Each structure stands twice: as structure tokens, then as C-alpha cells.
Amino acid sequence: DSDRILSGKAGSDPFSGMRQTERKITVGKKRFSVRAFFEPDLIFTHLEIDDKPALLKFLCDRLVRKGYVTRKYVKTVLDREAFTPTSIGNGVAIPHGDQNEINEARVVIATLEKPILWDSEQVDVIFLLVVKMTNDFEIRRTQAFYKQYIKLVGTDEQVNVLRNFQTNVDFYKYLIK
């Protein structure tokens, strides 16, 4: 069942026991770890950036440095935003770009110190979705991820939990618990 999440017990050290605590989602007969989408150094809390293009360039630059996307990816994200803004309510946005410019699927997360204007809405929680859907497994894995993602941002209370994380490690531990 693709909605099933298995969890274990976390250790006291932020990174000890991570393999035991990571969430796993079953897609068909294959299981993958939600951890595959997230890394602590791609989570940014309380950033002080006051403009959408600057934020998107900052986040995409981190992906380029790690080799997860091509240098062209940032332009596809900015073009996508110009075509249709990606704010989804509750102060959350889910920008994304062309999957042809993606080398490895990831999700980059940022919370902002102060909300910024995202088209016509104020946004302060951003999930840059760097997902590929080029084969059946990737499509089903991404669909399973989205089902879990909705549980993170479905209500103001849930989004406030995300806003209140002070460190990337605490945010990461919450995602994989």
C-alpha cells in the first residue's frame, strides 16, 4: 500500500540511528525511503531573503553545486513561476522546474524570517520540488511522496509546526520520523 509509512525509534544524536528512523513508502513491490528526497543541508530555516527570484536562485544554486540539477534548471523554475505561480495557500509554495534538467530527485525546503509576495499571496514556507517522472517507478514514487506531503501542509497548524523549526537538523528529523 503506497500510503503506508513505517517508522522506528530515533537516537539522541541528530544523525545516529537515521537508518532506523527513516520513513519508507511502498510503491508497488518496491520500497523507498523518504530520506532519499531530503538532506539536512538542503533545508534552510528562517532565511532572510525578501524576493522570490533571489530565493529561487539561492535554492537552485545549492542543487547545482551538488550536481542534482543542471545550470539551466533555475531558468526553468523562474519561467514556470512566470507562467503560473505555485503558491498553494497557508503561506506555502511548491515551485518546480523542467524535469529534463534534473539529475537526481530532491526536495529543497526553506522557511523565511518574513513572508514574501509570491504573485498575489504572502509565502514563508517553500518546498522546491525537484522530482522526475520519466518512468512508472518515478511517477508512483512521486505520487506517494505527494500524498505524504499534503499531510505536512494541509492546515495552518501543520504549517506552523514547520515554521517553528529553528535548525535544519530538527526539521529533517521531523520529516523522517
Side-chain angles (χ1 to χ4, degrees), residues 5 7 10 14-15 18 21-25 32-69 73-74 76-78 80-81 85-97 99 101-119 121-133 138 141-177:
I5 292 191
S7 61
F15 295 102
M18 242 177 224
T21 64
E22 59 192 78
R23 290 182 182 178
K24 296 197 179 192
I25 296 175
F32 78 96
S33 168
V34 172
R35 181 178 182 215
F37 280 122
F38 303 111
E39 352 184 315
D41 58 344
L42 291 177
I43 299 171
F44 305 92
T45 58
H46 302 278
L47 286 178
E48 294 186 12
I49 297 178
D50 58 4
D51 135 309
K52 179 170 70 168
L55 172 66
L56 293 173
K57 288 174 187 174
F58 171 85
L59 299 177
C60 289
D61 181 60
R62 296 314 182 266
L63 291 163
V64 169
R65 288 181 190 184
K66 291 181 145 296
Y68 296 147
V69 299
Y73 187 72
V74 67
T76 72
V77 172
L78 294 169
R80 172 72 176 81
E81 283 297 320
T86 55
S87 57
I88 61 168
N90 292 340
V92 178
I94 54 169
H96 49 282
Q99 68 180 345
E101 302 303 328
I102 297 171
N103 298 323
E104 275 190 58
R106 289 291 184 275
V107 177
V108 184
I109 302 169
T111 62
L112 303 179
E113 193 62 38
K114 296 179 187 171
I116 59 175
L117 189 61
W118 204 278
D119 190 43
E121 185 177 332
Q122 293 291 315
V123 165
D124 64 347
V125 177
I126 298 89
F127 287 80
L128 175 57
L129 305 178
V130 185
V131 294
K132 296 179 82 162
M133 299 198 352
E138 288 173 346
R141 177 177 74 163
T142 301
Q143 289 170 338
F145 164 76
Y146 276 117
K147 287 179 183 179
Q148 296 307 315
Y149 167 77
I150 294 303
K151 295 175 184 177
L152 291 174
V153 299
T155 68
D156 285 333
E157 283 180 4
Q158 291 164 317
V159 176
N160 282 335
V161 168
L162 305 179
R163 287 182 178 110
N164 289 325
F165 286 111
Q166 297 302 309
T167 71
N168 61 328
V169 172
D170 289 340
F171 203 129
Y172 178 76
K173 286 168 55 178
Y174 176 77
L175 291 171
I176 65 166
K177 74 176 181 177

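Excluded from the calculations below are hydrogen atoms, water molecules and symmetry mates; all remaining heavy atoms, backbone and side chain alike, are included. Nothing here was measured: the structure is a model prediction, and the numbers come from that model.
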Subject >> Val130 vs Val107 side-chain heavy atoms within contact, under 4.5 Å >> reply: no

Original post:
Would you say Val123 and Ser87 make side-chain contact, with heavy atoms under 4.5 Å?
Top reply: yes

**OP:** Tell me, yes or no, whether the heavy-atom count around Lys57 atom NZ, taken from other residues, nucleotides or ligands under 6.0 Å, exceeds 12.
**Re:** no

**OP:** Identify whether the distance between the nearest side-chain nitrogen and carboxylate oxygen of Arg65 and Asp61 falls below 4.0 Å.
**Re:** yes

**OP:** Check whether any side-chain heavy atom of Val64 sits under 4.5 Å from a side-chain heavy atom of Tyr73, and report yes or no.
**Re:** no

Original post:
Can you name the residues that form a side-chain contact (heavy atoms from CB on, under 4.5 Å) with Val131, not counting sequence neighbours?
Top reply: Phe37, Thr142, Tyr146

Original post:
How would you list, by chain and number, every residue that makes a side-chain contact (heavy atoms from CB on, under 4.5 Å) with Leu117, sequence neighbours excluded?
Top reply: Gln122

Subject >> Distance (rounded to the nearest 0.5 Å) between Lys173 NZ and Ile43 CD1 >> reply: 12.0 Å

Subject >> Asp170: partners by side-chain hydrogen bond (donor to acceptor under 3.5 Å, both in side chains), with sequence neighbours left out >> reply: Thr167

Subject >> Close side-chain approach of Phe44 and Ile126, heavy atoms under 4.5 Å >> reply: no

Original post:
Quick one: side-chain contact (heavy atoms from CB on, under 4.5 Å) partners of Thr111, sequence neighbours excluded?
Top reply: Thr45, His46, Val125, Phe171

**OP:** Using salt bridge (Lys or Arg N to Asp or Glu O under 4.0 Å) as the criterion, list what pairs up with Lys66, not counting sequence neighbours.
**Re:** Glu39, Asp41

Subject >> Test item: Asp119 side-chain N/O and Pro85 main-chain N/O as donor-acceptor pair under 3.5 Å >> reply: no

**OP:** Go through the structure and list residues passing salt bridge (Lys or Arg N to Asp or Glu O under 4.0 Å) with Arg163, not counting sequence neighbours.
**Re:** Asp124

Subject >> Close side-chain approach of Val108 and Tyr68, heavy atoms under 4.5 Å >> reply: no

Subject >> Rounded distance (nearest 0.5 Å) linking atom CG of Asn90 with atom CG of Asp156 >> reply: 4.5 Å

Original post:
Do Trp118 and Pro95 come within less than 4.5 Å of each other through their side chains, counting heavy atoms only?
Top reply: yes

Original post:
Roughly how far, to the nearest 0.5 Å, is the CG atom of Leu56 from the CG atom of Asp51?
Top reply: 9.0 Å

Subject >> For Glu101, all residues meeting salt bridge (Lys or Arg N to Asp or Glu O under 4.0 Å), sequence neighbours excluded >> reply: none

**OP:** Could you tell me which residues satisfy side-chain hydrogen bond (donor to acceptor under 3.5 Å, both in side chains) with Asn103, sequence neighbours excluded, listed by chain and number?
**Re:** none

**OP:** Taking all heavy atoms of Leu78 and all of Pro53, pick out the closest pair and write down the distance.
**Re:** CD2-CA, 4.0 Å

Original post:
How long is the gap from CG on Leu112 to CG on Leu47, to the nearest 0.5 Å?
Top reply: 6.0 Å

Subject >> Under 3.5 Å donor-acceptor, Lys132 side chain and Ile102 backbone >> reply: yes

Subject >> For Glu104, all residues meeting salt bridge (Lys or Arg N to Asp or Glu O under 4.0 Å), sequence neighbours excluded >> reply: Arg106

Original post:
Rounded to the nearest 0.5 Å, what separation is found between the CG atom of Leu59 and the CD1 atom of Ile109?
Top reply: 10.5 Å

**OP:** Find the distance between CG (Leu42) and OH (Tyr172) and round it off to the nearest 0.5 Å.
**Re:** 10.5 Å

**OP:** Without swapping roles, check the side chain of Gln99 against the backbone of Gly97 for a donor-acceptor pair under 3.5 Å.
**Re:** no

**OP:** Kindly determine whether Cys60 and Val77 satisfy side chain to side chain contact (heavy atoms under 4.5 Å, CB included), including the steps that lead there.
**Re:** CA-CA 9 Å; Cys60 289; Val77 172; 4.0 Å; yes

